[in-house]
Amino acid sequence: MTELSPPPARTVPRQARAATWIVFALNGFAVGMWVVHIPVVERAAGISHPALGALLLVLGGAALVGMQVTGRLADRFGNHRIVPVAGILLGVAMALPGLAGNWWTLALALLGFGFFNGSLDVAMNAQAVVVERAYPRPIMAAFHAMWSIGGALAAVAGAAVLDAGLPAVVSLGGTGLLCALVVAVAGRFLLAAPAAPAQESTVDEKRRPPARLVWLLGFLALAMMLSEGVANDWSALYLRDGLGTSESTAALAYGSFAVAMTVGRFATDRVAAVAGPVAVMRYGSALAALGLTVASVSPWVPLSLIGWAVFGLGLSGGVPQLFTAAGNLDTRASGALMARVVGVGYFGLLSGPAIIGGLAHFMPLNVTFALPIVLCLLGVIFAPALKPR
């Protein structure tokens, strides 16, 4: 009787890669559905724009706390266990903003939503590092591309449910249920991080990554994500007010940026396999600085749109490489290190638009773009921080 041979070992990381793709896409979809429902939730809660802005800071703060807590839990219990738990809890929390009827119930809802979204963010990125280690080539950027695709699908689905007049609690709750169920199934295929050899179980002070290196990676993540936030929140406004375009034409600024970033992330892994992460950061940051410079000084709309696209292409590879570098600094504390770098970067994403808005009170909007341009140039200078160790 012929004995069936076991499946090749490479099947396991392939399944884990597919499962992690799904988690990233679902997280992007969940965040995207929340974003498109913000006006509806604001109206149902009966709050003003300034009050909403303050509550969004609550969401961001809760996400930062969730990242730090989850980083340590992932190191202790394994990110492959934390991902489905965080995903299910995020799914439950998604329905809460749709139930809010005033400012304090919305604040509580956003505390939960932000905390578990931050938790899933760190856990799934830590899992992506584990899966990438099982491959002979970089694959991190593709995970982030799937997040972008999930967000794009949410924009389409969100527009459809809003047009149909579906209550926010139904659409957000349905999205949460979908996320919880799918993440629970996908969690069965995630990879456990290999156990450290016995001789490495005791913390070796000499092998701990220097704190200054961790903070440098965090600073680079802040620089890249702050720049990304500027495109998210100000690109369309600049085209409308700075170049005098219509609302529909202005929307093409963010569209060109987002499409170029998604395409760039699918291409980044192959480029990183050949050129290495330092080159991706150095030349990508230089390309981003060039693109934003063109976008901000061009008096012609088509050339400005090209500039925004080049900006997105340049930024596309940096953050995935930074997360990989952080997760590989010390495999025994991968989650905590990644939580620190992701948290600092997330702070840049949150604060960047507000900083640009404050500067715009004193100077033209396109002049304020000098800040992200300089930050991108700093990415060129400090790119060697990503050198594998």
Side-chain angles (χ1 to χ4, degrees), residues 16-38 59-60 62-67 69-71 73-74 79-97 110 112-132 139-158 171-190 221 225 228-229 232 258 261-262 265-266 319-320 323 327 335 338-339 342-343 345-346 349-350:
R17 180 180 67 172
T20 309
W21 271 351
I22 291 171
V23 173
F24 269 78
L26 279 172
N27 183 242
F29 186 79
V31 172
M33 285 294 284
W34 154 246
V35 169
V36 300
H37 281 83
I38 287 176
L59 184 151
L64 290 172
V65 174
M67 289 175 184
V69 172
T70 300
L73 291 176
N79 56 68
H80 65 295
R81 295 189 179 98
I82 299 298
V83 167
V85 173
I88 291 170
L89 292 174
L90 175 62
V92 173
M94 274 214 72
L96 300 180
L110 294 184
F113 181 76
F115 184 92
F116 294 120
N117 185 56
S119 298
L120 182 58
D121 197 335
V122 165
M124 70 186 188
N125 273 289
Q127 172 63 197
V129 171
V130 172
V131 176
E132 188 177 46
I139 57 173
M140 175 65 85
F143 293 129
H144 287 253
M146 292 302 296
W147 193 96
S148 299
I149 288 177
L153 291 175
V156 176
S171 52
L172 289 176
T175 300
L177 179 62
L178 172 68
C179 291
L181 292 175
V182 176
V183 170
V185 174
R188 300 175 56 196
F189 301 97
L190 300 180
M225 295 176 74
E228 181 181 344
N232 293 347
M261 174 169 273
T262 303
R265 283 181 169 168
F266 276 118
V319 169
F323 288 178
M338 180 165 288
V342 175
Y346 190 74
L349 187 66
L350 290 175

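Numbers for residues simply follow the sequence, beginning at 1.
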| query | Excluding sequence neighbours, so at least two apart, what forms ring pair (Phe, Tyr, Trp, His ring centres under 6.0 Å) with Trp147? | reply | none
| message | Restricting to non-hydrogen atoms, name the atom on Glu132 and the atom on Met140 that form the minimum distance, rounded to 0.1 Å. | response | OE2-N, 3.1 Å
| message | Testing the basics here: between Met338 and Val122, what is the closest heavy-atom pair and its distance to 0.1 Å? | response | SD-O, 4.1 Å
| task | Could you grab the distance from atom CG of Asn117 to atom CG of Leu89, nearest 0.5 Å is fine? | result | 12.5 Å
| Between Phe29, Trp21, Phe266, which is the residue that forms a side-chain contact (heavy atoms from CB on, under 4.5 Å) with Ile149? | Phe266
| said: Give me each pair satisfying side-chain hydrogen bond (donor to acceptor under 3.5 Å, both in side chains) with a member in residues 171-184, each pair once, sequence neighbours excluded. | reply: His37-Ser171
| said: Within the 4.5 Å heavy-atom criterion, are Pro97 and Leu110 side-chain neighbours or not? | reply: yes
| query | Got a sec, which residues hit ring pair (Phe, Tyr, Trp, His ring centres under 6.0 Å) with Phe24, two or more places apart in sequence or on another chain? | reply | Phe143, His144
| message | Just so I know, are the side chains of Leu64 and Tyr346 near enough to count as touching, which here means a heavy-atom distance under 4.5 Å? | response | yes
| remark: What one should report as the nearest heavy-atom pair of Val36 and Gly158 is CG2-CA, 3.8 Å
| said: Leu59 vs Trp34, test: side chain to side chain contact (heavy atoms under 4.5 Å, CB included). Steps then yes/no. | reply: CA-CA 12 Å; Leu59 184 151; Trp34 154 246; 3.8 Å; yes
| field | Closest non-hydrogen atom pair, Pro320 against Ala141 | value | CB-CA, 3.7 Å
| query | Which atom pair, heavy atoms only, marks the closest approach of Leu120 to Val23? | reply | CD1-CG1, 4.0 Å
| In Å, rounded to the nearest 0.5 Å, how long is the span from CZ of Arg81 to CG of Leu190? | 11.5 Å
| field | Least distance between heavy atoms, Gly71 atom then Ala339 atom | value | CA-CB, 4.0 Å
| query | Looking only at side chains, do Asp121 and Asn125 share a donor and an acceptor under 3.5 Å apart? | reply | yes
| request: Calculate, to the nearest 0.5 Å, the distance between atoms CE and OG belonging to Met261 and Ser148 respectively. | output: 7.0 Å
| request: Before giving the answer on side chain to side chain contact (heavy atoms under 4.5 Å, CB included), spell out for Phe323 and Val129 the whole-Å C-alpha distance, their side-chain angles and the decisive distance to 0.1 Å. | output: CA-CA 8 Å; Phe323 288 178; Val129 171; 5.6 Å; no
| message | side chain to side chain contact (heavy atoms under 4.5 Å, CB included), that's the test. Do Met124 and Asn27 meet it? Break it down for me. | response | CA-CA 9 Å; Met124 70 186 188; Asn27 183 242; 3.3 Å; yes
